[in-house]
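Below is one structure, written out as structure tokens, with a few remarks after it.
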There are 2 protein chains.
Amino acid sequence: MKQVIKQHYEAGDDRRRQIASAARKLIAEKGFEGLRTREIADAVGINVATMHYHVPNKEALIVLIAESLGEELEADRAAMRRDGPPLELFEAELENYGQRLQKRPETMKVFSELMQRAGRDETIRRIMTPFADQWHNRFTEIFEQGIKTGDFRPGLNPVAAASITMGAAIHHRHKPKQEFAALKSELVNAFRKH
Amino acid sequence: MKQVIKQHYEAGDDRRRQIASAARKLIAEKGFEGLRTREIADAVGINVATMHYHVPNKEALIVLIAESLGEELEADRAAMRRDGPPLELFEAELENYGQRLQKRPETMKVFSELMQRAGRDETIRRIMTPFADQWHNRFTEIFEQGIKTGDFRPGLNPVAAASITMGAAIHHRHKPKQEFAALKSELVNAFRKH
DNA sequence: TGATCAATCAACCAATTGATTGATTTCCTG
DNA sequence: CAGGAAATCAATCAATTGGTTGATTGATCA
């Protein structure tokens with residue numbers, strides 16, 4: 001009799017979710033380089049071997065994390081409104097991003113870490129680039145429509161403007177929350193017709 | 001008689017430079033998490049112990065790398081022109097950045113890695129933030145002057161515009177070289193008076 | 001020239017870390 | 001409720017990795 005205390009058994013899928021969640025928290029704290037399988041197991045409250053039962057190796061773990069993040073971003077994207085004046089859609093996208101930055105700062109930290117790793121890791125790149133591209137395409141699309149409607153400057157380069165917007169947004173994750181409003185309004189002024 | 005082959009002895013400071021250079025190359029390739037003392041030693045062509053003679057531990061190594069990068073950025077900054085119409089200064093800064101991105105892509109990769117680590121590492125933060133701030137201040141200054149001269153939009157928020165510029169520039173490091181021109185001209189259009 | 005010091009190396013160490021093994025416990029279904 | 005499947009754990013392994021030790025070699029200079 002090894003186990004005296006009755007232990008709880010969790011269904012496989014739930015455990016995987018718990019593992020993904022714990023791993024994401026740890027990545028947000030210590031970055032990818034500080035991610036340790038043991039710490040994840042501890043955070044979930046299970047043995048390392050149990051963790052490896054659910055997620056065979058670190059490669060699979062990283063894929064799990066990327067997928068988990070992908071699902072969240074996808075859900076968020078699906079909930080966004082897609083009609084209305086382009087300028088308002090643009091502001092809504094930025095506002096949504098600002099909200100997520102405030103309510104779930106972890107998410108964007110993990111996103112950055114994954115994107116950085118995507119530069120060297122083929123597997124991660126395959127999972128992450130679609131999300132970065134989707135986001136970029138969304139902005140490009142908004143700008144294209146906005147140029148037609150006259151919301152945005154004529155002659156605006158939609159692709160470049162989308163890159164600037166994303167760069168500014170991602171870069172902002174380091175900074176104090178209250179400054180986001182200023183960034184947002186400056187981005188709007190940068191592209192809209194005067 | 002252990003040594004049969006005559007070996008070359010390098011002066012301490014030169015070795016440290018060689019070590020810093022090799023370490024930077026490796027970081028650019030594999031990122032911080034992939035940085036191994038042994039690989040650095042191998043790249044320089046010396047024993048691990050010799051490396052530790054010059055750079056006692058990894059902490060010191062990272063400081064060395066940060067300082068090495070700092071010196072390069074500082075030299076670059078010092079060579080920049082600081083007079084003329086603000087709009088031209090702005091374009092010159094961007095052009096200079098684009099050139100560095102093309103000629104020394106390693107530099108900005110290492111910069112990004114260090115900045116990311118700065119978020120969790122006090123020592124690195126102390127070394128790196130001044131450089132990020134200097135860059136940011138430079139843009140802020142240019143925008144402030146340019147608003148007075150009428151080069152830039154009245155009502156432009158210099159600090160926010162500087163953040164957008166930096167975010168866009170840093171974010172661009174992943175992308176193909178030829179697109180930089182489009183980014184640059186779009187940034188100019190975003191802030192200049194129409 | 002010889003003594004001192006800086007630079008180098010082979011061998012080794014201790015800690016960390018991802019992963020495995022084999023036994024044990026809980027759950028579920030026919 | 002019996003028995004197989006799913007989930008869990010303690011113990012252990014092998015590889016990696018940052019760092020050390022002690023001896024050796026080359027440079028310098030009085």
Side-chain angles (χ1 to χ4, degrees), chain A residues 1-24 26-27 29-66 113 117 120-121 123-124, chain B residues 1-24 26-27 29-66 113 117 120-121 123-124:
Chain A
M1 174 135 53
K2 275 194 178 177
Q3 291 295 330
V4 186
I5 300 164
K6 184 182 171 186
Q7 60 182 347
H8 179 59
Y9 269 39
E10 200 79 24
D13 278 352
D14 290 338
R15 268 288 186 253
R16 281 174 62 90
R17 265 187 282 275
Q18 292 176 358
I19 291 169
S21 169
R24 283 173 53 173
L26 284 170
I27 287 181
E29 281 173 29
K30 314 189 182 182
F32 238 112
E33 84 188 89
L35 189 64
R36 298 286 171 262
T37 53
R38 276 166 177 75
E39 286 189 63
I40 301 171
D42 286 352
V44 177
I46 58 176
N47 187 282
V48 206
T50 304
M51 212 208 82
H52 276 106
Y53 170 77
H54 292 286
V55 183
N57 52 41
K58 215 178 181 185
E59 176 76 8
L61 175 70
I62 295 172
V63 171
L64 173 69
I65 295 166
E113 294 282 343
R117 181 162 180 125
R120 299 170 226 119
D121 186 325
T123 314
I124 306 299
Chain B
M1 170 130 61
K2 276 195 176 175
Q3 292 295 334
V4 186
I5 300 163
K6 185 181 172 184
Q7 60 183 348
H8 178 59
Y9 270 37
E10 200 79 23
D13 277 351
D14 289 338
R15 267 291 186 249
R16 281 174 63 88
R17 265 187 282 276
Q18 291 175 358
I19 291 169
S21 168
R24 284 173 53 173
L26 284 170
I27 287 181
E29 280 174 29
K30 314 190 182 184
F32 238 113
E33 84 188 89
L35 190 65
R36 299 285 173 262
T37 53
R38 277 167 178 72
E39 287 188 62
I40 300 170
D42 286 352
V44 177
I46 57 178
N47 187 282
V48 205
T50 305
M51 213 208 85
H52 277 106
Y53 170 79
H54 293 285
V55 183
N57 52 41
K58 214 178 180 182
E59 175 77 9
L61 174 71
I62 294 173
V63 171
L64 174 69
I65 295 166
E113 294 281 344
R117 180 160 182 127
R120 301 169 223 121
D121 187 326
T123 313
I124 306 299

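Labels below follow one simple rule: chain letters A, B, ... track the order of the sequence lines, proteins then strands, and each chain is numbered from 1.
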Nearest-Å distance, [atom1] ([X]) to [atom2] ([N])?
{"X": "R17(A)", "N": "dA7(D)", "atom1": "CZ", "atom2": "C1'", "value": "16 Å"}
{"X": "Q18(A)", "N": "dA7(D)", "atom1": "CD", "atom2": "P", "value": "12 Å"}
{"X": "I19(A)", "N": "dA7(D)", "atom1": "CD1", "atom2": "C1'", "value": "11 Å"}
{"X": "L26(B)", "N": "dT17(D)", "atom1": "CG", "atom2": "C1'", "value": "15 Å"}
{"X": "I46(B)", "N": "dA10(C)", "atom1": "CD1", "atom2": "P", "value": "12 Å"}
{"X": "N47(A)", "N": "dT20(C)", "atom1": "CG", "atom2": "P", "value": "14 Å"}
{"X": "L61(B)", "N": "dG18(D)", "atom1": "CG", "atom2": "P", "value": "10 Å"}
{"X": "H52(A)", "N": "dA6(D)", "atom1": "NE2", "atom2": "C1'", "value": "18 Å"}

Decide yes or no on salt bridge (Lys or Arg N to Asp or Glu O under 4.0 Å) for R120(A) and E113(B), but give the supporting numbers first.
CA-CA 13 Å; R120(A) 299 170 226 119; E113(B) 294 281 344; 2.3 Å; yes

Partners meeting salt bridge (Lys or Arg N to Asp or Glu O under 4.0 Å) with R17(A) (sequence neighbours left out):
D14(A)

Got a second to check how far [X]'s [atom1] is from [Y]'s [atom2], nearest 0.5 Å?
{"X": "D121(A)", "Y": "E59(A)", "atom1": "CG", "atom2": "CD", "answer": "5.5 Å"}
{"X": "I40(B)", "Y": "I27(B)", "atom1": "CD1", "atom2": "CD1", "answer": "7.0 Å"}
{"X": "H54(B)", "Y": "I46(B)", "atom1": "NE2", "atom2": "CD1", "answer": "6.0 Å"}

Using a cut-off of less than 4.0 Å, is there contact between a side-chain N or O of [X] and OP1 or OP2 of [N]?
{"X": "H54(B)", "N": "dA6(C)", "result": "no"}
{"X": "R15(B)", "N": "dA6(C)", "result": "no"}
{"X": "T50(B)", "N": "dC9(C)", "result": "yes"}
{"X": "Y53(A)", "N": "dT8(D)", "result": "no"}

Beyond-backbone contact of R36(B) with K58(B), side-chain heavy atoms, under 4.5 angstrom:
yes

For K30(B), which residues count as a side chain to side chain donor-acceptor pair (under 3.5 Å) partner, sequence neighbours excluded?
E39(B)

Counting only non-hydrogen atoms, which of residues 31-44 of chain B are less than 4.0 Å from DNA chain D?
L35(B), R36(B), T37(B), R38(B)

